[in-house]
A.B. asks: 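Structure incoming, see below.
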Amino acid sequence: MTAFDDKEKAAENKYAHDQELDFKVHARAHKLLGLWAAGKMGLSGLVAEEYANSLITLDLAKTNPRHLFEKIRGDLLAKDVHMSDHDIHAEMHRLEGLARKQVTQG
């Protein structure tokens, strides 16, 4: 192998690692978001876990970048939980950071 081949392989490996890390972070963030929203809606136990898992599945479908936010907002409103869009986005952002910390620190 040449030095160029080694660099190319290293770049490919880094890209694959970064993609896997991003997937884990997003899955964890959506799980945390689902559990947070479930708590706001008065759900607990297995029902809350199932709701959180449904958000991970929704994200895997990659339907629309705003779809996750819209689902959370709609579900909260359906349970008569009123939160501003800003507050929901802020929680999404906070949980994304928490998920990244949890995933990268093992």
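Keep in mind the model is a prediction, meaning the values are calculated, not measured. All residue numbers refer to positions in the sequence shown, counting from 1.
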A.B. asks: Apply the test salt bridge (charged side-chain N to carboxylate O under 4.0 Å, His left out) to residues K79 and D75: give CA-CA distance (whole Å), side-chain angles for both, the deciding distance (0.1 Å), then the verdict.
C.D. replies: CA-CA 6 Å; K79 293 286 189 174; D75 291 347; over 6 Å; no

A.B. asks: Using the rule that two of Ile, Leu, Val, Met, Phe, Trp, Tyr join whenever any of their side-chain heavy atoms come within less than 4.5 Å, decide whether V103 and I56 are in one cluster.
C.D. replies: no

A.B. asks: Give, for atom CD1 of I88 and atom CZ of F69, the distance between the pair rounded to the nearest 0.5 Å.
C.D. replies: 5.0 Å

A.B. asks: About how many Å separate NZ of K101 and CG of L95, when rounded to the nearest 0.5 Å?
C.D. replies: 13.0 Å

A.B. asks: Find out if a path of hydrophobic residues (ILVMFWY) with successive side-chain heavy-atom gaps under 4.5 Å connects L76 to L35.
C.D. replies: no

A.B. asks: Looking at A48 and A38, what are the two nearest heavy atoms and their distance?
C.D. replies: CB-CB, 3.7 Å

A.B. asks: Roughly how far, to the nearest 0.5 Å, is CG of L21 from NZ of K14?
C.D. replies: 9.5 Å

A.B. asks: Are V81 and L43 connected in the hydrophobic side-chain network, where two residues link if heavy atoms are under 4.5 Å apart?
C.D. replies: yes

A.B. asks: Any side-chain to backbone donor/acceptor pair from H93 onto H89? Under 3.5 Å, distance only.
C.D. replies: no

A.B. asks: Can you confirm whether Y51 sits close enough to L55 that some side-chain heavy atom of one is under 4.5 Å from a side-chain heavy atom of the other?
C.D. replies: yes

A.B. asks: Is there a path of hydrophobic side-chain contacts, each under 4.5 Å between heavy atoms, that joins V25 and L98?
C.D. replies: no

A.B. asks: Within the 4.5 Å heavy-atom criterion, are M83 and E91 side-chain neighbours or not?
C.D. replies: no

A.B. asks: Can you tell me how far NZ of K31 sits from OG of S54, rounded to the nearest 0.5 angstrom?
C.D. replies: 10.0 Å

A.B. asks: Do D80 and H82 have side-chain N/O donor and acceptor atoms under 3.5 Å apart?
C.D. replies: yes

A.B. asks: What's the separation between atom CZ in R28 and atom CZ in R100, rounded to the nearest 0.5 Å?
C.D. replies: 14.0 Å

A.B. asks: Check whether any side-chain heavy atom of L58 sits under 4.5 Å from a side-chain heavy atom of H30, and report yes or no.
C.D. replies: no

A.B. asks: Just verifying a value: how many Å separate M92 CE and D85 CG, rounded to the nearest 0.5 Å?
C.D. replies: 10.5 Å

